[in-house]
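What follows is one structure encoded as structure tokens, with my remarks underneath.
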There are 2 protein chains.
Amino acid sequence: MSEPARDPSLPPAGLALRHLRRDISEMQGYTPGEQVRDCIKLNTNESAWAPSPRTREVLRQVADDQLRLYPDPLFKQLRAAASSRYGVAPEQVLAGNGSDDCLTIIYRAFLTPGERVAAPWPTYGLYDTLATLQGVDIAHVDYRIEAKQWHLPRHLSKQGAKVVLVANPNNPSATLTPIEQLRQLAYEIDGILVVDEAYIDFAPEGSSMLPHLASHPNVIVLRTFSKSYSLAGARLGLLFAHPELVNHLMKVKDSYNVNALTQALGVAALEDHDHHRALVQDTLRERTRLEGELATFGWTWPASAANFLLCEVGDKAGAIYTALKDRGVLVRWWDRPLLSSKLRITVGRPDQTELLLKHLKDLV
Amino acid sequence: MSEPARDPSLPPAGLALRHLRRDISEMQGYTPGEQVRDCIKLNTNESAWAPSPRTREVLRQVADDQLRLYPDPLFKQLRAAASSRYGVAPEQVLAGNGSDDCLTIIYRAFLTPGERVAAPWPTYGLYDTLATLQGVDIAHVDYRIEAKQWHLPRHLSKQGAKVVLVANPNNPSATLTPIEQLRQLAYEIDGILVVDEAYIDFAPEGSSMLPHLASHPNVIVLRTFSKSYSLAGARLGLLFAHPELVNHLMKVKDSYNVNALTQALGVAALEDHDHHRALVQDTLRERTRLEGELATFGWTWPASAANFLLCEVGDKAGAIYTALKDRGVLVRWWDRPLLSSKLRITVGRPDQTELLLKHLKDLV
């Protein structure tokens with residue numbers, strides 16, 4: 001392999017850029033989540049604790065052939081493990097390179113440019129990005145906020161949307177929409193309802209749409225391994241839907257979209273119920289403690305069904321976010337309507353909570 | 001987590017299916033590459049030898065936080081390693097979840113439904129699949145086959161295509177298009193030329209378009225770790241282009257499209273020059289031996305610049321493919337015009353070659 005000298009003075013791309021789709025050319029540059037080194041990272045809702053020790057075992061036992069050969073394009077073992085864990089048929093399961101990949105597959109399968117999706121607002125920002133990428137319109141319908149609780153907006157079903165997306169629990173509010181309201185929404189719309197359950201394991205039992213899939217062939221449920229399974233680095237999401245729908249969605253995914261290591265890690269994580277349960281319980285215990293401490297600042301937040309809190313902080317939210325960052329503690333703040341007075345704080349480990357509180361006592 | 005009983009008698013999906021895009025609904029179901037257990041797998045052009053031992057070291061040293069936290073969305077270490085290995089600026093590099101992901105990013109960035117791509121034919125089937133998914137037309141222009149050699153068709157630049165794709169070396173022919181013809185093509189077209197160099201490490205030095213990127217801002221070069229780096233299971237591809245183009249393409253990719261383990265494996269593989277060189281040399285040596293043996297059957301093939309041969313076998317090609325499969329040796333055969341008399345055989349390890357030859361001696 002020859003190694004040509006690097007040319008530091010490349011000419012401008014010029015005319016080549018005009019071949020880009022206008023949607024892409026004009027869209028906002030990608031802003032990745034902040035990756036500050038050696039900080040306490042409470043800004044992207046990862047789990048505070050390590051994944052199942054069985055995942056380390058998987059990595060120790062990787063065979064050369066798992067690296068050398070293409071992964072199973074139909075992820076049979078992973079589907080079987082998900083089937084057994086969640087009580088659905090294997091044919092109802094599709095795996096993605098993160099649930100972001102599952103969302104991309106949904107947009108590409110259902111939406112022709114010019115069509116529309118809808119979501120209650122504010123919610124997960126990727127729904128917007130994917131709308132731009134697919135050339136479709138997105139209708140934001142504001143959550144009804146009453147007595148600090150966030151309620152599904154009544155007109156969500158009347159936006160002429162082919163795909164309606166509801167994160168449940170919602171991000172960034174951590175609020176839960178009751179299952180009966182989601183079922184009602186699924187009946188009302190003439191389209192597909194995507195229920196994104198990234199944080200559902202932190203919600204009370206009985207909050208998931210999964211057991212109701214059979215009654216709603218137009219519903220798709222998403223899960224991720226980035227939160228309660230502590231595997232954000234491995235990229236794994238699951239999509240649950242009617243088998244006929246899954247068959248079509250399989251045609252849209254990249255052939256080998258989930259690598260061999262991640263498939264094996266997913267199986268190990270699904271099979272270790274005890275570790276998963278402990279991880280969720282540790283998170284809920286620490287969430288309760290964090291709530292008790294933050295209340296002493298006079299802060300409030302909608303009741304959380306997730307591993308984070310959306311705190312109402314007031315005018316100083318932005319300043320506190322910056323000061324915390326300067327002290328090596330990263331939380332999330334958006335300079336946007338409805339959110340600029342709030343901080344979103346991920347539940348950390350007890351030692352991380354202590355440091356957060358120490359700095360907040362100085363700052364607030 | 002409650003575990004609802006599995007319902008084996010799901011009602012049909014019915015009306016939900018009509019929300020699918022018609023392109024998707026009508027497209028052919030996905031046919032994954034054959035995954036026969038305990039067979040000699042010479043059908044998908046993976047490397048016959050194990051990846052760099054440094055990749056095992058990477059897996060042994062994975063920290064919990066690499067699994068727990070999101071991966072670097074900008075893959076800085078991987079870009080730096082690729083920059084140093086290939087003599088390009090880090091800003092000219094984008095990494096994908098396999099080069100299939102890079103191809104998807106290209107289609108989504110440049111192509112609006114109704115537009116057109118073009119490729120010489122036959123070539124890698126994914127270019128067709130992606131055209132259907134993006135709702136664009138694909139123009140196939142047959143290779144000119146003269147004296148067993150495959151030449152780039154003269155009219156490829158005149159198809160009104162916004163994106164022209166050339167696999168070089170080509171799959172399934174293993175043939176190489178001279179660099180000057182590709183540069184000429186890049187000048188002639190009013191659009192983007194994608195040169196897919198999945199197999200380039202097996203071609204003679206000086207065959208790559210990479211050193212010429214600076215002169216051609218409308219060219220994108222793709223590489224994969226699935227062949228000469230023996231990492232098909234890890235899913236990693238690289239895209240090289242003008243930095244301004246890469247900036248736009250970054251907006252189209254999934255935020256965290258390459259998981260943390262694969263990023264680390266990629267760095268380790270790029271840094272182990274010696275192993276990579278040895279792997280390529282072993283492959284070329286075994287290719288030469290395989291050619292000598294297959295010639296004794298009277299078979300011919302276009303000169304190979306890759307880790308496989310497209311053998312002209314005649315009427316019995318399909319029957320030989322099936323008989324080999326029955327004996328546990330998997331090669332590739334397509335029941336399609338231009339290909340039905342041919343077998344594509346991946347270069348295997350010497351012991352695999354021996355078994356292939358033993359069975360062929362019985363069958364031919």
Side-chain angles (χ1 to χ4, degrees), chain A residues 2-7 10 13-14 16 19-21 24 27 30 32 44 46-47 50-51 59 62 64 66-71 73-74 87 89 97-98 100-101 108-110 112 133 162 191-192 205 211 214 217-218 230-235 242 244-245 248 250-252 254 256 259-261, chain B residues 2-7 10 13-14 16 19-21 24 27 30 32 44 46-47 50-51 59 62 64 66-71 73-74 87 89 97-98 100-101 108-110 112 133 162 191-192 205 211 214 217-218 230-235 242 244-245 248 250-251 254 256 259-262:
Chain A
S2 66
E3 295 191 8
R6 183 191 301 183
D7 180 359
L10 280 168
H19 299 300
L20 288 161
R21 284 173 48 208
I24 305 300
M27 85 186 270
Y30 168 67
T44 44
E46 289 113 331
S47 167
L59 295 179
V62 165
D64 280 337
Q66 276 177 283
L67 295 174
R68 187 179 70 84
L69 300 173
Y70 281 106
L74 303 175
N97 183 36
D100 291 358
D101 184 31
R108 302 190 81 194
F110 293 106
T112 300
L133 291 179
K162 200 172 180 190
I192 300 292
E205 204 163 315
N218 67 330
S230 199
L231 286 172
R235 312 303 296 127
H242 193 287
E244 289 183 56
L245 220 43
H248 286 286
M250 290 292 274
K251 299 186 289 190
V252 179
D254 268 3
Y256 303 106
N259 74 83
L261 302 183
Chain B
S2 66
E3 296 192 7
R6 184 192 302 184
D7 180 358
L10 283 169
H19 299 301
L20 288 161
R21 284 171 47 207
I24 305 300
M27 84 186 271
Y30 169 65
T44 45
E46 290 113 331
S47 166
L59 295 179
V62 166
D64 279 338
Q66 275 176 284
L67 294 174
R68 186 178 72 84
L69 300 174
Y70 282 105
L74 302 176
N97 183 38
D100 291 359
D101 184 28
R108 301 190 81 195
F110 293 105
T112 300
L133 291 179
K162 198 171 179 189
I192 300 292
E205 203 163 316
N218 67 330
S230 198
L231 286 172
R235 312 304 296 125
H242 192 286
E244 289 183 54
L245 221 43
H248 286 287
M250 289 291 275
K251 300 187 288 189
D254 269 4
Y256 304 107
N259 76 82
L261 303 182
T262 295

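Lettering of chains follows the sequences in order, A, B, ..., and the numbering in each one begins at 1.
Here the side chains of A/Tyr256 and B/Arg235 are in contact, with some heavy-atom distance below 4.5 Å. Taking 4.5 Å as the limit, some side-chain heavy atom of B/Leu261 sits within range of a side-chain heavy atom of A/Leu59. Under the 4.5 Å side-chain criterion, counting only non-hydrogen atoms from C-beta, A/Asp101 is not in contact with B/Asn97.
For B/Gln66 (side chain) and A/Gly233 (main-chain N/O), no donor-acceptor pair under 3.5 Å exists by modelled atom type.
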Evaluate side chain to side chain contact (heavy atoms under 4.5 Å, CB included) for B/Met27 paired with A/His248, printing each intermediate quantity in order. CA-CA 9 Å; B/Met27 84 186 271; A/His248 286 286; over 6 Å; no
Applying side chain to side chain contact (heavy atoms under 4.5 Å, CB included) to B/Glu46 and A/Tyr70, what does each step give before you reach the verdict? CA-CA 8 Å; B/Glu46 290 113 331; A/Tyr70 281 106; 3.1 Å; yes
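Scored by the side-chain contact (heavy atoms from CB on, under 4.5 Å) test, A/Arg68 finds A/Asp65, B/Ser230, B/Arg349 as partners (sequence neighbours excluded).
Counting heavy-atom pairs under 4.5 Å between each of A/Leu67, A/Thr112, A/Asp64 and chain B puts A/Leu67 at the top. With chain A as the partner, the residue from B/Ala260, B/Ala109, B/Ser47 showing the most heavy-atom pairs under 4.5 Å is B/Ala109. Top candidate by heavy-atom pairs under 4.5 Å with chain A, chosen from B/Ala234, B/Gly98, B/Ala232, B/Pro217, is B/Ala232. When the candidates B/Thr262, B/Leu69, B/Leu245 are compared by the number of heavy-atom contacts under 4.5 Å with chain A, B/Leu69 comes out ahead.
For the pair A/Ile24 and B/Lys251, the tightest heavy-atom approach, listed with the atom from each and the gap, is O-NZ, 2.7 Å. In this structure, B/Arg108 and A/Arg108 approach most closely via the heavy-atom pair NE-NE, 3.7 Å.
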